[in-house]
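Written below as structure tokens is the structure these notes are about.
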Amino acid sequence: MDEGTTTITTDGSQILTCDVAVVGAGASGLAAARDLVKAGADVLVIEARDRVGGRTLSKRLENGVTIDLGGQWVAPTQERVLALAAKLGLHTFQTFEDGHHSLLVDNAVQRLAEGQINEAADVHDDFWQGQTALEKLAATIDLEAPWTHPDAGELDMMTFSEWTDRTLTTVGGRLRMKMIAPAVFSVDACELSMLHVAFYFGAAGGFDVLTKTRGGGQDSRFTTGMQELSLGLARELGDRILLGRPVRRIVQDTSGVSIECKDAVIRAQRVIVATSPTIAGRIEHSPPMPALRDALTQRMPMGTAIKMMLIYDRPFWRDEGLSGFALTDQDVPQLMFDNSPEDASCGILVGFTEGSAARRWIDRSEGERRGAAVETVAGCFGQAARDVRDYIELSWMNEEYSRGCYAGVMPPGVWTTFGRALREPVGRIHWAGTETATFWPGYVEGALQAGERAATEVAQLLGVSKQL
Ligand SMILES: Cc1cc2nc3c(=O)[nH]c(=O)nc-3n(C[C@H](O)[C@H](O)[C@H](O)COP(=O)(O)OP(=O)(O)OC[C@H]3O[C@@H](n4cnc5c(N)ncnc54)[C@H](O)[C@@H]3O)c2cc1C
């Protein structure tokens, strides 16, 4: 996958020409490239890593089971992901969640019926009315332009934490609501603009859709891993993808745009940058980025998360009628799910350490995190948890070309001041990446939607007809 359409050599650098260059071979960039190729455009995708898939990364274990160190779940409403999976012949299966969930607090474990948190009636009612208020608010947000909401100013000045304290009345209800921030955004509730939270819930289709396992954001997984979506798109694109070529600089002039990457310059009419805004902000530009766009890239940090898998001979917790889903008051992990293969040929728990907890643990050794994770799992599921066969983790903050996950987030004040710069093209540069989506932003579905939207923008300007 390392050859462009035209090659001239000057000063040791290749010069390749195409109609459209796409920076980033994650799901978003690949979807944009696929659509533009279909429309008849000559496209090159330039990828920094030596692989495609970006924030999806699947790994095959020695026993033949595939695990996902990045994105893994698909929801029933994620139509683009499901259509692509069907086209590629990828098999999905529902996340196991039969039996009782577990809650580990102060070293004591409680067993909970599915969907239930064992809390006093006033806490339950309080949380329910908070959830309803959030859902109502989310339904009023214009997903194309959240800053146009009549209360945008007030909502954007307020953190999710402040909104929760104003809207909910019980300590338990507030605590439970704030726990959503690390689980969904991988930052703490005090770091998020309330306008962003409302936008995000609106864009996913509601509270339950985003947070639930069955029927929601954690509904199903891919037998052969979620990265297969990108690998499938990449196979279609063939040698139009250049791997191992970090883009350093983009130079626009009156006749085109030059994308300077490792050992090559790509000359194109248009470029789609399909990375998170934070990562896009690390590319140098000539002429420099407009002030608001540059300021946006300075203000949209990536969430922080460490994803870990504990691998066992069998899913032993199921013997006790336990679902494997657990919430804990520990940092490592705070949240876990049964991640065993469909045939339960081995037992796998996936755990997440998110938000400030990930920052507390990022500089500790893998061995320390493994030890802490085993202790937490033992607290939830008993001594059998100590007989762990393997432990595999990925700290996404350390990934040079992601610098965090699951996505970039909007702290207070950013949507209303800089939001317009999120998708607005700058000269010949167009923006894709899941952060620019209006449907399931932050997810692979959003990545695909954003790629398709950017491809439509460019196809119209090039005068090629996009055929889907
Ligand atoms: C641990 C984790 C769990 C997640 N869970 C889920 C889930 O269950 N379901 C779900 O749908 N989503 C999940 N997500 C989110 C999902 O993976 C992302 O939303 C999606 O993959 C983003 O795709 P993208 O193409 O927009 O960006 P990316 O995947 O980040 O792609 C950007 C690409 O650009 C490349 N790049 C960066 N800088 C340069 C440069 N200078 N030059 C050239 N190339 C560059 C990167 O290497 C990368 O390949 C998760 C993510 C993580 C990390």
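For the pair E368 (side chain) and S365 (backbone), a donor-acceptor distance under 3.5 Å is present. D126 contributes a side-chain N or O that, together with a main-chain N or O of T169, makes up a donor-acceptor pair within less than 3.5 Å. With hydrogens and angles disregarded, no donor-acceptor distance shorter than 3.5 Å links the side chain of R420 to the backbone of A145. The closest donor-acceptor contact from the side chain of Q129 to the backbone of T167 lies under 3.5 Å. Put simply, the side chain of T376 gets close to the backbone of V332: a donor and an acceptor are under 3.5 Å apart. With hydrogens and angles disregarded, a donor-acceptor distance shorter than 3.5 Å links the side chain of S28 to the backbone of G433. Formation of a donor-acceptor pair under 3.5 Å by the S186 side chain with backbone atoms of C405 is found in this model. In this structure a side-chain-to-backbone donor-acceptor pair under 3.5 Å is present from K307 to D68. Proximity of a side-chain donor or acceptor of Y312 to a complementary backbone N or O of A385 within less than 3.5 Å is detected. With hydrogens and angles disregarded, a donor-acceptor distance shorter than 3.5 Å links the side chain of R221 to the backbone of S340.
Atom CE of M308 sits about 12.5 Å away from atom CG of N339, to the nearest 0.5 Å. Put simply, CD1 on I311 and CD1 on I348 are 5.0 Å apart, with the number rounded to the nearest 0.5 Å. To the nearest 0.5 angstrom, L88 atom CG is 6.5 Å from L233 atom CG. Going from atom CD of E191 over to atom OG1 of T304 covers 7.0 Å, rounded to the nearest 0.5 Å. Annotation: the span from S323 atom OG to M336 atom CE amounts to 10.5 Å, rounded to 0.5 Å. Taken to the nearest 0.5 Å, the CG atom of L192 stands 7.5 Å off from the CZ atom of F160.
Inter-residue side-chain proximity for P441 and F199 is flagged as met; some heavy-atom pair is nearer than 4.5 Å. Contact annotation: the side chain of F127 approaches that of M177 to within less than 4.5 Å [non-hydrogen atoms, C-beta and beyond]. At least one side-chain heavy atom of T416 sits under 4.5 Å from a side-chain heavy atom of M157. Between Y200 and M410 the shortest side-chain heavy-atom distance does not fall below 4.5 Å. Side-chain atoms of V52 and L243, non-hydrogen and from C-beta on, do get closer than 4.5 Å to each other. Side-chain contact between L82 and V74 is present, with heavy atoms from C-beta onward closer than 4.5 Å. Within the 4.5 Å cutoff, the side chain of C346 has heavy atoms near those of the V65 side chain. You'll find the side chain of L322 reaches within 4.5 Å of the side chain of H100, heavy atoms only.
Nearest heavy-atom pair across W361 and R369 is O-NH1, 2.8 Å. The shortest heavy-atom contact between I272 and A32 is CD1-CB, 4.0 Å. In this structure, L237 and A33 approach most closely via the heavy-atom pair CD1-CB, 3.7 Å. Scanning all heavy atoms of the two residues, the minimum distance from P333 to G351 falls at CB-CA, 3.7 Å. Closest approach of V273 and I429 over heavy atoms only: CG2-CG2, 3.8 Å. Of all the heavy atoms in M300 and P277, the pair that sits closest is SD-CG, 3.6 Å.
Pairs engaging residues 47-56 under the salt bridge (charged side-chain N to carboxylate O under 4.0 Å, His left out) rule: R49-E399, R55-E435 [sequence neighbours left out]. Pairs passing the salt bridge (charged side-chain N to carboxylate O under 4.0 Å, His left out) check and including a residue from residues 343-355, sequence neighbours excluded, do not occur.
The existence of a salt bridge linking E457 and R423 is excluded, since no basic side-chain nitrogen approaches an acidic carboxylate oxygen closer than 4.0 Å. Using a cutoff of 4.0 Å between basic side-chain nitrogens and carboxylate oxygens, K178 and D165 are scored as salt-bridged. Between D319 and R314 there is a salt bridge, since a side-chain N of the basic residue sits under 4.0 Å from a carboxylate O of the acidic one. E144 and R453 are not joined by a salt bridge, as no carboxylate oxygen comes within less than 4.0 angstrom of a charged side-chain nitrogen. D387 and R389 are joined by a salt bridge, as a carboxylate oxygen and a charged side-chain nitrogen come within less than 4.0 angstrom of each other. In this structure, E393 does not pair ionically with R364, as no charged nitrogen and carboxylate oxygen lie closer than 4.0 Å.
Defined by atom type and a distance below 3.5 Å, a donor-acceptor pair is missing between the side-chain atoms of S193 and W415. Side chains of T77 and W440: a donor-acceptor N/O pair is present below 3.5 angstrom, by distance only. No hydrogens or angles considered: nothing links the side chains of D156 and W147 as a donor-acceptor pair under 3.5 Å. Side chains of R111 and S102: a donor on one and an acceptor on the other come within 3.5 Å.
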Does the pair E236 and K87 meet the rule for a salt bridge (charged side-chain N to carboxylate O under 4.0 Å, His left out), with working shown? CA-CA 12 Å; E236 251 183 76; K87 184 169 176 253; 2.9 Å; yes

Evaluate side-chain contact (heavy atoms from CB on, under 4.5 Å) for L195 paired with I141, printing each intermediate quantity in order. CA-CA 8 Å; L195 183 61; I141 305 289; 3.8 Å; yes

In sequence, state the C-alpha distance, the side-chain angles, and the governing distance for L448 and Q78, and then conclude on side-chain contact (heavy atoms from CB on, under 4.5 Å). CA-CA 10 Å; L448 296 176; Q78 293 178 346; over 6 Å; no

As a quick check of understanding, evaluate side chain to side chain donor-acceptor pair (under 3.5 Å) for T353 and D331, giving each step before the final call. CA-CA 6 Å; T353 294; D331 277 354; over 6 Å; no

Between D106 and D329, is a side-chain contact (heavy atoms from CB on, under 4.5 Å) present by the stated rule, with each step listed? CA-CA 7 Å; D106 293 336; D329 62 356; 3.7 Å; yes

Decide side-chain contact (heavy atoms from CB on, under 4.5 Å) for T224 and S58; before the verdict, give the C-alpha distance in whole Å, the side-chain angles of both, and the deciding distance to 0.1 Å. CA-CA 8 Å; T224 50; S58 307; over 6 Å; no

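Ring geometry, F93 versus H91: the interplanar angle falls under 30°, so the pair is classed parallel (tilted spans 30 to 60°). Under the 30°/60° scheme for interplanar angles, the aromatic rings of H101 and F325 are found to be tilted. Note: F201 and F207 have parallel aromatic rings, judged against thresholds of 30 and 60 degrees for the angle between ring planes. Note on ring orientation: taking the six-membered ring where Trp is involved, the planes of F185 and H196 are tilted (angle from 30° to 60°). Ring-plane geometry between F337 and F352 is classed as perpendicular, the angle between the planes exceeding 60 degrees on a 0 to 90 degree scale with a lower cut at 30.
Checked against ring pair (Phe, Tyr, Trp, His ring centres under 6.0 Å), F222 has no partners two or more places apart in sequence or in another chain.
Here the rule is side chain to side chain contact (heavy atoms under 4.5 Å, CB included) with L327, and of M179, Q110, R176 only M179 fits it.
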